[in-house]
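These notes are about the structure you will find just below.
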2 protein chains.
Amino acid sequence: MKSQKKKPPTIKEVAARAGVSIMTASRAINGKALVSAKAQKAVEQAVKDLGYIPNASARALAGSADRRVALLHSNSTTSAYLGELLLGALGEAPQRHLHLVVEQCAQGAFAQEIVEQVAQAHVAGVILPPPLCDWAELIDGLQARDIAIVAIAPDRDGPDMLTVGTDDRHAAYDLTRHLIELGHQRIGFIEGNPRHRSSARRLQGFRDALAQHGLDVDERLIVPGDYSYRSGLDAAEQLMALEARPTAIFACNDDMAAAAITVAHQRRINVPAEISICGFDDTPLASAIWPALTTIRQPIRDMSREAIGLLAMRFRTQDEGTAGIIGKVKLDYQLIRRQSDAVLARH
Amino acid sequence: MKSQKKKPPTIKEVAARAGVSIMTASRAINGKALVSAKAQKAVEQAVKDLGYIPNASARALAGSADRRVALLHSNSTTSAYLGELLLGALGEAPQRHLHLVVEQCAQGAFAQEIVEQVAQAHVAGVILPPPLCDWAELIDGLQARDIAIVAIAPDRDGPDMLTVGTDDRHAAYDLTRHLIELGHQRIGFIEGNPRHRSSARRLQGFRDALAQHGLDVDERLIVPGDYSYRSGLDAAEQLMALEARPTAIFACNDDMAAAAITVAHQRRINVPAEISICGFDDTPLASAIWPALTTIRQPIRDMSREAIGLLAMRFRTQDEGTAGIIGKVKLDYQLIRRQSDAVLARH
DNA sequence: TTGAAAGCGCTAACAA
DNA sequence: TTGTTAGCGCTTTCAA
């Protein structure tokens with residue numbers, strides 16, 4: 001079996017077929033410079049006929065605006081989260097003429113070591129998912145080396161930093177309002193890990209929604225958790241043992257919501273007929289369990305897509321000498337309604 | 001802020017610093033051809049000093065053995081699975097001088113369309129995770145175009161196909177034996193989706209272990225499921241309602257095992273004191289719930305790493321005109337012991 | 001064992 | 001608006 005090495009078509013062949021010079025073809029393909037409409041058409045047709053795809057390596061080599069960017073990750077996020085991030089970034093990068101590399105930072109490494117590692121890789125920008133995006137030393141080190149940074153859903157953000165994220169507070173507000181509109185007035189809240197600001201932001205949204213609807217906040221209904229299933233078990237027990245049991249529970253993430261459902265089952269409290277339980281994040285768990293969780297989905301894939309876009313924009317302004325952009329993108333979350341919530345039963 | 005564009009060092013500089021020609025430097029760096037020990041050392045030192053990293057684009061362009069390979073995926077696997085696959089492949093590919101691209105096949109596309117898409121991308125090989133790896137038409141089409149294929153954990157494999165996977169049957173055997181060694185004799189089994197052979201393979205391992213230990217198989221203890229949490233609920237209900245309730249349950253995946261735990265909780269049966277429950281796959285769910293599941297972990301990341309290796313090897317033999325290799329890699333699984341199993345209580 | 005020359009496919013800079 | 005020239009960093013010849 002001799003493998004007929006079919007070489008992919010080059011821009012040369014495209015140019016020949018379109019009856020123009022290589023440069024005109026290049027310009028037509030990249031759509032940057034001025035090309036006559038006629039030439040443009042001819043080249044486009046040739047590209048189609050030949051199934052031409054630009055050779056990314058050649059392009060990068062030829063000193064175009066192509067650059068390398070890195071998606072840096074520690075192994076502290078879940079693979080699902082990282083996978084989504086990867087898919088978004090991998091899909092968008094080529095279109096922005098960016099070459100994506102993936103770098104894992106060693107467990108327990110110092111910020112300085114990671115900076116060295118990244119600098120070694122000659123990347124012009126990095127995408128920092130949580131919790132890396134909140135590591136001040138790392139960010140400072142990277143910025144000192146003039147490496148562009150995009151933080152994904154950071155807890156706080158610096159002045160010169162690009163960020164993408166969703167509006168946690170507002171999402172929590174919406175979810176709470178949803179519960180209120182279902183008729184619930186006594187809503188329990190299970191907090192997340194106090195070290196993550198996301199927990200505080202979600203609580204704020206919860207409080208705001210209650211206030212906005214003229215409902216008092218009963219502090220006994222706000223119980224601590226730390227985002228783990230285990231903590232959700234304890235928190236739910238505490239809520240369900242209350243004399244005036246809440247008719248709905250808003251858990252700060254899906255794991256804890258799942259735990260709350262388990263506790264309800266143990267106590268033979270029907271979900272959602274007797275109690276509504278909502279989560280946050282739309283992890284696989286949310287749709288795996290029964291009843292499936294009503295929750296908030298963050299568009300993780302879109303976030304990394306946007307991150308790549310932000311980097312591309314930053315590079316462009318850099319090249320043009322324009323003032324650096326300040327990009328803070330907030331993406332829309334989605335309220336995913338499943339089976340764990342219901343209209344409050346009349347008593 | 002003028003960005004001092006620090007150009008990365010080139011092989012030219014390395015050669016100059018080492019006092020050799022560019023070619024010698026290239027040879028020393030790639031370690032392929034014969035280079036004097038002295039030159040080798042000098043080059044290595046220069047590389048270190050300068051922090052030189054070969055420019056992958058230039059290398060690919062210069063017509064080295066670099067090739068493009070694709071990881072093809074439909075969106076029917078979980079992001080976590082895909083993420084792991086991606087991480088393994090992305091890490092290994094550069095080391096094998098392969099450029100990885102990720103292609104998603106459109107929902108409901110015909111095999112022929114996908115073949116076109118892949119061919120268009122000029123890839124020399126593709127990695128096919130389940131369920132794509134069992135799509136005969138797709139595989140035929142790809143092979144007809146002379147594109148190398150590695151199937152990840154396929155249900156069955158063709159003659160000319162490279163595969164990596166784990167020994168499902170044996171893993172199930174081990175997990176069952178583990179339960180038997182804990183003293184269990186009445187072990188329930190919840191089947192997976194009958195359309196996936198993995199379910200049958202796991203059941204076979206289960207039966208083999210029982211037989212090997214002189215235990216009879218009580219067919220009433222083998223109940224159907226389809227890998228969903230929901231089906232696990234029904235299956236577990238059925239098992240727990242049995243007059244002679246099993247003292248342990250082997251669920252074909254984690255989701256169903258989690259469902260079984262929920263059912264046990266509802267019936268106030270303590271896990272693991274009164275019943276042991278094991279899963280399969282070690283999904284995030286396994287460690288999220290309480291008690292955390294004892295389960296089997298497949299080394300997904302390693303699988304894609306191996307897949308890349310297999311492709312690289314196939315290309316090498318192709319280039320050398322050697323007979324094509326037949327690579328069937330079986331990786332070791334791992335029995336992850338957590339809190340959902342225990343020694344059988346004496347009665 | 002080493003080196004010199006040529007060129008991979010493409011785009012920046014210039015010139016026409 | 002278009003074409004020409006040069007060269008990106010590397011590896012493949014081929015010759016020494």
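In what follows, chains are A, B, ... by sequence order, proteins preceding strands, each numbered from 1. Bear in mind the structure is a predicted one, so any value in this text is a computation, not a measurement.
- Exactly one of Leu50(B), Asp49(B), Val43(B) qualifies for a side-chain contact (heavy atoms from CB on, under 4.5 Å) with Val47(B). That residue is Val43(B).
- Nearest nucleotide to the Ala58(B) side chain, out of dA13(C), dC10(D), dT11(D): dC10(D).
- Distance, His122(B) NE2 to dG9(C) P: 11 Å, rounded to whole Å.
- Here the side chain of Met23(A) is nearest to one of dT4(D), dT11(D), dC10(C), namely dT4(D).
- Checked by atom type, the side-chain pair Glu113(A)/Gln117(A) shows no donor-acceptor distance below 3.5 Å.
- Of the residues listed (Leu162(B), Val150(B), Leu311(B), Val164(B)), the one engaging Glu306(B) in a side-chain contact (heavy atoms from CB on, under 4.5 Å) is Val164(B), and it is the only one.
- Relative to the side chain of Ile22(B), the nucleotides dG3(C), dC10(C), dT11(D) differ in distance, and dT11(D) lies closest.
- Between the P atom of dG9(C) and the CG atom of Leu50(A) lies a distance of 13 Å, rounded to the nearest Å.
- OP1 or OP2 of dG3(D) has at least one side-chain nitrogen or oxygen of Thr24(A) nearer than 4.0 Å.
- No donor-acceptor pair closer than 3.5 Å links the side chain of Ser79(B) to the backbone N or O of Ala80(A).
- The interatomic distance linking Gln40(A) (CD) with dT1(D) (C1') rounds to 13 Å, in whole Å.
- Closest to the Asn55(A) side chain, of the nucleotides dT2(C), dG9(C), dG3(D), is dG9(C).
- The side chain of Arg59(B) has dC10(D) as its nearest neighbour among dC10(D), dC10(C), dA13(C).
- Position along DNA chain C of the nearest nucleotide to Lys12(A) versus Gly19(B) favours Gly19(B) as the more 5'-ward residue.
- Atom CZ in Arg27(A) sits roughly 12 Å away from atom P in dA13(C) (whole-Å rounding).
- Residue Ser21(A) places none of its side-chain N or O atoms closer than 4.0 Å to OP1 or OP2 of dT4(D).
- Note: CG (Asn30(A)) to P (dG9(C)) measures 17 Å, nearest angstrom.
- Residue Val20(B) has its side chain nearest to dG3(C) when only dT2(D), dT11(D), dG3(C) are considered.
- Atoms CG (Asp66(A)) and P (dA12(C)) sit 9 Å apart, rounded to a whole Å.
- Of all heavy-atom pairs spanning Ala70(B) and Glu103(B), the tightest one is CB-CG, 4.1 Å.
- Phosphate proximity of dG9(C) to Ser57(A): absent, as no side-chain N or O sits under 4.0 Å from OP1 or OP2.
- Nearest nucleotide to the Leu61(B) side chain, out of dG3(D), dC10(C), dG9(C): dG9(C).
- Defining each end axis of the helix from dT1(C)-dA16(D) to dA16(C)-dT1(D) as the rotation carrying four pairs' C1' atoms onto the next four, with five pairs an end, the two axes are found to diverge by 30° to 10 degrees.
- A salt bridge links Glu116(B) with Arg145(B): at least one charged nitrogen is closer than 4.0 Å to a carboxylate oxygen.
- Distances from the side chain of Ala62(B) to the nucleotides dT11(C), dT2(D), dC8(C) place dC8(C) closest.
- Regarding His99(A), its NE2 atom lies at a distance of 12 Å from the C1' atom of dC10(C), rounded to whole Å.
- We find that Glu92(A) and Arg96(A) are joined by a salt bridge, their nearest charged nitrogen and carboxylate oxygen being less than 4.0 Å apart.
- For the pair Ile11(A) CD1 and dT2(D) C1', the computed distance is 14 Å after rounding to whole Å.
- Nearest approach of Ile127(B) to Ala307(B), heavy atoms of both residues: CD1-CB, 3.9 Å.
- At dT11(D), one or more side-chain N or O atoms of Ser26(B) fall inside 4.0 Å of OP1 or OP2 (strictly under the cut-off).
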